[in-house]
Number of protein chains: 2
Amino acid sequence: MATNIRDVAKAAGVSVATVSKVLNGYTTVSQKTKERVLRIVKETRFQPNAAARALVGRRSMTLGIYLTTGLTHPFFASILSGMELALKAKGYDLIYLSQLTFNKDYSFVRHCQSRNVEGVVIFGFQEDDAYFKELLESGLPSIFIDMDIVGQRAGYISSDNVDAMCHSISYLRELKHRRIAFIAGIVESYVGRLRYDGYKKGLEIAGLPFREDYVAHSIFTRESGYSAMNSLLELPPAERPTAVVCCSDMCAIGAIDAIRDAGLSVPGDISVIGFDDIELARNVTPALTTIRQDMIAMGRKAVELLDELIVDEMFASPTAIVPTELIVRDTCAPAKEE
Amino acid sequence: MATNIRDVAKAAGVSVATVSKVLNGYTTVSQKTKERVLRIVKETRFQPNAAARALVGRRSMTLGIYLTTGLTHPFFASILSGMELALKAKGYDLIYLSQLTFNKDYSFVRHCQSRNVEGVVIFGFQEDDAYFKELLESGLPSIFIDMDIVGQRAGYISSDNVDAMCHSISYLRELKHRRIAFIAGIVESYVGRLRYDGYKKGLEIAGLPFREDYVAHSIFTRESGYSAMNSLLELPPAERPTAVVCCSDMCAIGAIDAIRDAGLSVPGDISVIGFDDIELARNVTPALTTIRQDMIAMGRKAVELLDELIVDEMFASPTAIVPTELIVRDTCAPAKEE
DNA sequence: TTGAAAGCGCTAACAG
DNA sequence: CTGTTAGCGCTTTCAA
């Protein structure tokens with residue numbers, strides 16, 4: 001491997017400028033020299049030094065990913081898989097911006113500037129507004145996933161949460177359910193709010209009345225789903241919901257625990273629908289009917305939008321809404337006759 | 001934010017060399033100038049350009065992670081969490097080396113050279129020897145996780161697989177089990193082989209005979225665990241194992257499916273122990289008794305060893321074996337009287 | 001169509 | 001103890 005562009009130039013009998021031009025696709029090089037240079041490059045397996053390229057002021061071809069949720073979020077791997085595809089297509093490298101590294105004095109925004117990171121994708125709950133304010137003001141191109149933050153150089157991507165909820169409810173409606181409850185997530189969060197909105201809209205479309213006492217609150221977790229379901233089960237039997245849609249799979253699994261502990265069965269007595277389609281959903285018994293979010297598409301799209309933002313100064317505030325899919329498994333059954 | 005070291009030098013009324021010395025902790029700077037420079041650095045929130053630093057030939061402070069397993073491996077997040085800790089402590093950044101990006105003509109080794117990556121951690125099954133050969137020859141410091149590859153500038157980390165198996169068996173022995181079967185993983189793989197060895201050693205320590213017909217083979221997956229267990233269940237009832245240790249949690253879950261489908265119960269009729277302690281293990285019913293691998297420790301240790309390898313030219317072929325822990329949940333019960 | 005040379009921001013000799 | 005200066009490897013005017 002040639003150590004640098006000078007070695008290649010020497011071997012090809014041209015100047016470094018010419019080699020550089022060939023490498024960067026300039027058309028002001030004769031076909032003959034171009035071929036000669038390319039041959040040497042191939043032979044010597046020369047690869048330009050990325051630091052030098054970045055230094056000289058052009059592209060660093062580096063994107064960052066920053067998680068506010070911690071690494072254990074079940075979607076991290078899928079998002080990354082999706083990003084991988086677009087990263088490869090566009091020729092970017094990905095640097096992991098660890099939450100641990102940053103604080104008030106040294107934000108990830110500054111780190112990105114120092115490392116010449118060209119753009120970042122942010123995923124998670126909105127937890128530290130100070131960072132985001134700085135980020136938006138910095139002009140560093142950024143794409144948020146599941147947070148509706150926009151700015152001159154920032155946009156976001158999210159699943160179609162409202163449509164997904166409508167879909168769940170219309171499916172239950174087809175199964176003749178009329179008493180459909182909802183276990184909401186943190187309503188202050190972006191997805192929590194949208195899923196709640198979607199529940200109401202879904203009921204409306206299905207021609208079902210909205211009942212305050214059919215909404216229980218959770219924080220997306222299994223335990224909170226369990227308690228939420230228990231509060232729903234306190235309704236008089238005749239009023240009891242025959243189906244429950246949940247803000248998350250973990251929450252749905254907790255709800256199923258509660259239903260069972262109350263001596264009822266899923267889906268015999270109560271049908272349950274989750275949200276997310278995490279790995280656990282297809283591995284529990286009965287396998288969970290749920291909404292699948294296309295995190296691969298979201299990751300890919302995030303990088304694509306980021307690239308546009310970076311390449312095109314005029315491209316502002318992009319957003320994308322990714323469709324979801326209802327995955328029918330074993331936790332829903334037709335409602336018993338009323 | 002000062003754009004470069006010259007601005008800082010100007011503001012502090014010193015030369016760029018002095019600023020550089022302060023920034024790099026040289027002691028040949030008077031206390032007074034040092035303080036002045038530091039004050040300006042703080043005020044202007046100056047951060048040295050990483051590309052320039054890398055270019056000038058010293059450290060790039062970048063490590064890479066390369067997975068041969070794909071992103072969906074359940075340990076990826078934990079390994080990364082562990083790495084995060086050490087990354088922060090040592091001041092490295094992490095770049096994700098996507099399998100997709102590389103091929104015969106352009107290996108991740110070359111990419112690392114071009115990006116000035118100082119070292120890599122490799123995780124997964126040994127699948128592409130060509131890469132590893134090139135890697136070893138390149139002299140790029142590398143640490144493998146769960147693959148016993150060593151070289152002048154390469155070492156590895158793994159759980160204490162043998163000890164873990166001994167632990168499982170001794171636990172079952174305490175529960176009075178004498179007919180303990182094993183569902184092996186891919187025996188050609190590093191962990192597959194070691195766990196098999198551990199099973200034999202565990203039996204020996206427990207004073208139990210090794211029986212060929214108590215070993216079934218799988219490929220670590222749920223489906224293969226299911227078939228493996230079925231073959232074990234074909235033994236005549238009096239000979240049937242009362243306990244099964246498995247090469248992985250997924251495999252154990254498959255085995256439990258098979259036991260149930262045969263009309264038997266876990267742990268009533270047959271006790272089951274997994275390996276890994278993936279998230280699913282505590283979420284299935286009954287919750288799985290299993291061996292927990294400390295992937296956080298492995299990730300952290302990987303970066304620490306890598307750092308030593310990078311910093312100390314003489315530090316060769318490091319290895320580390322990380323202890324495991326038996327997590328007792330609900331899939332083991334005392335053996336029925338014989 | 002090609003090459004010489006300046007310079008990106010930094011570090012490390014070396015001189016003072 | 002401090003400053004001058006020569007590069008690191010590359011891209012990009014600009015001149016030939």
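Throughout, protein chains are lettered first and strands after them, A, B, ... in sequence-line order, and every chain is numbered starting at 1. Heavy-atom basis, side chains included; hydrogens, waters and symmetry copies ignored. Note that the structure is a prediction, hence the values are computed from the model and not measured.
Between A:Asn24 and the phosphate of D:dT11, there is a side-chain N or O to OP1/OP2 separation shorter than 4.0 Å. Under 4.0 angstrom from either OP1 or OP2 of D:dT2 there lies at least one side-chain N or O belonging to B:Thr33. Listed pair B:Arg53 / C:dT11 meets the phosphate criterion, a side-chain N or O lying under 4.0 Å from OP1 or OP2. Phosphate proximity of D:dT11 to A:Ser20: present, with a side-chain N or O under 4.0 Å from OP1 or OP2. OP1 or OP2 of D:dG9 lies within a sub-4.0 Å distance of a side-chain N or O belonging to A:Asn4. Remark: A:Thr18 is in phosphate contact with C:dG3, judged by side-chain N or O atoms under 4.0 Å from OP1 or OP2. In this structure, B:Tyr26 reaches the C:dA12 phosphate: one of its side-chain N or O atoms is under 4.0 Å from OP1 or OP2.
Counting only heavy atoms from C-beta on, A:Asn49 has its side chain closest to D:dC10 among C:dA12, D:dC10, C:dG9. For A:Arg6, counting side-chain heavy atoms from C-beta on, the closest listed nucleotide (C:dA4, C:dC8, D:dC8) is D:dC8. Proximity note for B:Ala17 (side chain, C-beta onward) versus D:dC10, D:dT13, C:dA13: the nearest is C:dA13.
The 5' end of DNA chain C is approached more closely, in terms of each residue's nearest nucleotide, by A:Ser30 than by the other of A:Ser30 and A:Val16. When each of B:Leu55 and B:Arg36 is assigned the nucleotide of DNA chain D bearing its nearest heavy atom, the one mapping closer to the 5' terminus is B:Arg36. Between B:Val29 and B:Ala52, the one whose closest nucleotide on DNA chain D sits nearer the 5' end is B:Val29.
With rounding to whole Å, B:Lys21 atom NZ is found 17 Å from C:dG9 atom C1'. Per the geometry, NZ belonging to B:Lys34 stands 16 Å off C1' belonging to D:dT2, to the nearest Å. Atom CD1 of B:Ile5 is separated from atom C1' of D:dT5 by 14 Å (rounded to the nearest Å). Straight-line distance from the CZ atom of A:Arg115 to the P atom of C:dC10: 14 Å, rounded to whole Å. Residue B:Gln47 contributes atom CD, which lies 10 Å from atom P of C:dC10 at whole-angstrom precision. To the nearest angstrom, C1' of C:dC8 lies 17 Å from CZ of A:Arg59. Atom CG of A:Leu23 is separated from atom P of D:dT11 by 6 Å (rounded to the nearest Å).
In this structure, A:Phe76 has its ring center no closer than 6.0 Å to that of A:Phe123. Taking the six-membered ring for Trp and the full ring otherwise, the centers of A:Tyr131 and A:Phe102 sit at least 6.0 Å from each other.
A:Ser142 contributes a side-chain N or O that, together with a main-chain N or O of A:Leu140, makes up a donor-acceptor pair within less than 3.5 Å. The backbone N or O of B:Ala50 lies less than 3.5 Å from no partner atom in the side chain of A:Arg115, so there is not a single donor-acceptor pair.
Only one option out of A:Thr33, A:Leu38, A:Ile40, A:Val37 pairs with A:Val19 in a side-chain contact (heavy atoms from CB on, under 4.5 Å); it is A:Val37.
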